[in-house]
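See below for the structure under consideration.
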Amino acid sequence: MEHITLLIGIVIVTALVFDFTNGFHDTANAMATTISTGALRPKTAVAMSAVLNLVGAFLSVEVAKTISGGIIDEAAGIRPEVIFAGLVGAIVWNLLTWLAGLPSSSSHALFGGLIGATLVSVGTHGVHGDAVVMKVLIPAVAAPVVAGLAAMAATRLTYRLTRNRDEADTAKGYRAGQIASAALVSLAHGTNDAQKTMGVITLALITGGVVAPHADPPLWVIASAGVAIALGTYLGGWRIIRTMGKGITDIQPPQGFAAQTGAAATILASSHLGFALSTTQVCSGSVMGSGLGRKGGVVRWSTAGRMVLAWGLTLPAAGAVAAGAAFLAGQGDWGVAAVAVLGLGICGAIWAASRRKPIDHTNVNEGPAAEPVGVVTAALRTVSPPPAGQQAPAADAPETDAAPADAPEAAGIPAQASGADTSTTPRAKAATVTR
């Protein structure tokens with residue numbers, strides 16, 4: 001076996017940087033609901049998620065083996081610089097979508113980067129097309145559906161079991177349930193997403209002759225990948241948490257609990273089977289399923305279609321960036337250096353742009369509701385209509401801490417009923433109540 005060379009070392013560091021971005025990019029999947037509803041303080045939520053991501057990284061290596069020996073053929077002439085180019089493509093796409101607050105798939109960004117770089121460097125024979133279809137594309141389509149069906153069934157069961165209970169009596173229990181289910185999603189996220197970086201590092205070690213083909217990830221690889229994703233999770237992807245949180249604040253606690261439980265069950269089962277699915281897609285599918293499971297729930301399928309279109313763009317976009325990086329890296333040492341410099345420059349520019357309007361744990365739940373949001377948030381925002389006799393805040397209206405006591409809603413009269421005037425003046429309120 002050869003020693004780790006400088007290039008392999010660079011690939012390992014780059015893979016851990018991707019793992020870090022994966023951590024803060026996907027934290028919203030587990031914690032946006034608990035943060036936006038106040039079930040947990042922001043820093044407490046991401047700290048808990050970070051610890052559980054680290055624990056989850058040690059529970060399985062099936063997904064890592066899918067990455068290191070399933071999708072890419074390490075015997076087809078894959079060199080470490082190809083993996084480096086693929087990682088650069090994934091990192092750039094992750095940071096761009098983070099800047100936009102768009103909850104895209106870090107997993108598909110990684111797959112797209114590796115596939116794009118491999119196609120440019122060695123051709124189509126370097127990619128196992130059947131593995132891509134069976135381990136990536138089919139789970140990408142099936143997992144959100146399965147998670148949605150599970151969440152829909154869980155939501156209906158939950159409402160049936162508590163239909164004769166007062167909402168105030170069940171609020172405390174559902175708060176605890178939301179925290180527990182969010183913790184389960186974080187644990188499941190660690191068992192799936194952290195392993196993808198383990199697989200990439202193992203693939204780099206195999207191509208460099210450091211470990212034998214088809215070997216399991218060494219312990220130090222598992223530990224470093226788990227720590228990297230945990231650190232990223234702790235820092236929190238506050239932009240995406242704000243987007244996801246604003247999109248799902250109208251969801252009732254029973255729905256949030258059912259959605260997170262269904263998502264966690266789907267992710268854990270897929271990790272056991274070695275399916276490297278997208279936690280973003282699974283969690284979004286679960287939320288839509290919880291909307292369908294609630295009586296009177298509505299899902300705007302046109303918005304859901306735009307969400308699916310955005311998901312479909314991630315893999316080819318990351319692949320295109322990685323393909324360009326692979327072409328440049330293939331020119332020699334100066335090409336690898338140029339890719340590194342360009343990658344650092346792009347990442348620095350994105351970070352500088354994010355500082356113009358910084359978002360952190362102190363203001364993650366603030367900001368105008370009319371700000372542009374990602375397509376995933378637009379879909380999630382529509383899944384839970386208000387209960388009968390109540391009116392949810394308009395999507396573009398500023399949110400307030402409490403409604404006036406003499407508002408029509410407080411009297412049990414829908415604000416929009418019988419064409420009532422929704423003006424906030426006392427005269428208009430009186431006219432509304434007397435109509």
Side-chain angles (χ1 to χ4, degrees), residues 3-27 46 49-61 63-68 72 78-95 98 105-107 109-114 117 186 189-208 210-211 215-237 276 279 318 321-322 325 329 336 339-344 346-348 350-351:
H3 296 291
I4 295 179
T5 63
L6 175 61
L7 181 57
I8 294 178
I10 293 174
V11 172
I12 292 173
V13 172
T14 307
L16 294 176
V17 171
F18 167 79
D19 206 25
F20 178 83
T21 66
N22 191 0
F24 71 70
H25 198 280
D26 288 357
T27 305
V46 296
S49 184
V51 172
L52 292 171
N53 266 292
L54 177 60
V55 173
F58 287 89
L59 297 183
S60 173
V61 294
V63 174
K65 291 165 68 175
T66 296
I67 301 295
S68 63
I72 304 299
I78 302 297
R79 302 182 306 278
E81 53 263 35
V82 177
I83 303 173
F84 173 64
L87 289 168
V88 169
I91 291 172
V92 168
W93 182 255
N94 263 0
L95 291 179
W98 165 76
S105 171
S106 297
S107 304
L110 176 60
F111 299 146
L114 290 176
S186 297
H189 184 265
T191 65
N192 200 280
D193 279 41
Q195 290 189 55
K196 294 162 189 171
T197 299
M198 299 178 204
V200 172
I201 295 176
T202 304
L203 178 61
L205 296 176
I206 291 173
T207 58
V210 179
V211 299
D216 288 343
L219 181 60
W220 67 267
V221 172
I222 298 174
S224 59
V227 170
I229 199 169
L231 287 175
T233 300
Y234 179 71
L235 292 180
T279 54
V321 175
V336 174
V339 170
V341 171
L342 288 174
L344 289 173
I346 294 173
C347 294
I350 294 173
W351 181 85

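Everything numeric here is computed off the predicted structure, so don't read it as measured data.
- With a 4.5 Å cut-off on side-chain heavy atoms, Leu16 and Ser224 count as touching.
- Here the closest heavy-atom approach between residue Ser186 and residue Asn53 is recorded as O-OD1, 3.5 Å.
- Under the 4.5 Å side-chain criterion, counting only non-hydrogen atoms from C-beta, Val336 is in contact with Phe84.
- No donor-acceptor pair under 3.5 Å is formed between the side chain of Asp19 and the backbone N or O of Ala15.
- With values rounded to the nearest 0.5 angstrom, Ile201 atom CD1 is found 12.0 Å from Ile8 atom CD1.
- Two residues are said to be in side-chain contact when any heavy atoms from C-beta on lie closer than 4.5 Å; Thr197 and Ile229 fail this criterion.
- For the residue pair Ile206 and Val211, the shortest heavy atom distance occurs at CG1-CG2, 3.5 Å.
- Closest non-hydrogen pair, Ala57 versus Met198, comes out as O-CE, 3.1 Å.
- Between Ser106 and Phe18, the closest heavy-atom pair is O-CZ, 3.6 Å.
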side-chain contact (heavy atoms from CB on, under 4.5 Å) assessment of Trp93 paired with Val321: CA-CA 8 Å; Trp93 182 255; Val321 175; 5.9 Å; no
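- Atoms CG and CZ, from Leu235 and Phe20 in turn, are 4.5 Å apart once rounded to the nearest 0.5 Å.
- Of all the heavy atoms in Gly226 and Leu54, the pair that sits closest is C-CD1, 3.4 Å.
- The minimum heavy-atom distance between Thr21 and Asn94, with the atom names listed, is OG1-ND2, 3.2 Å.
- Between atom CG of residue Leu110 and atom CG of residue Asn22 there is a gap of 8.0 Å, rounded to the nearest 0.5 Å.
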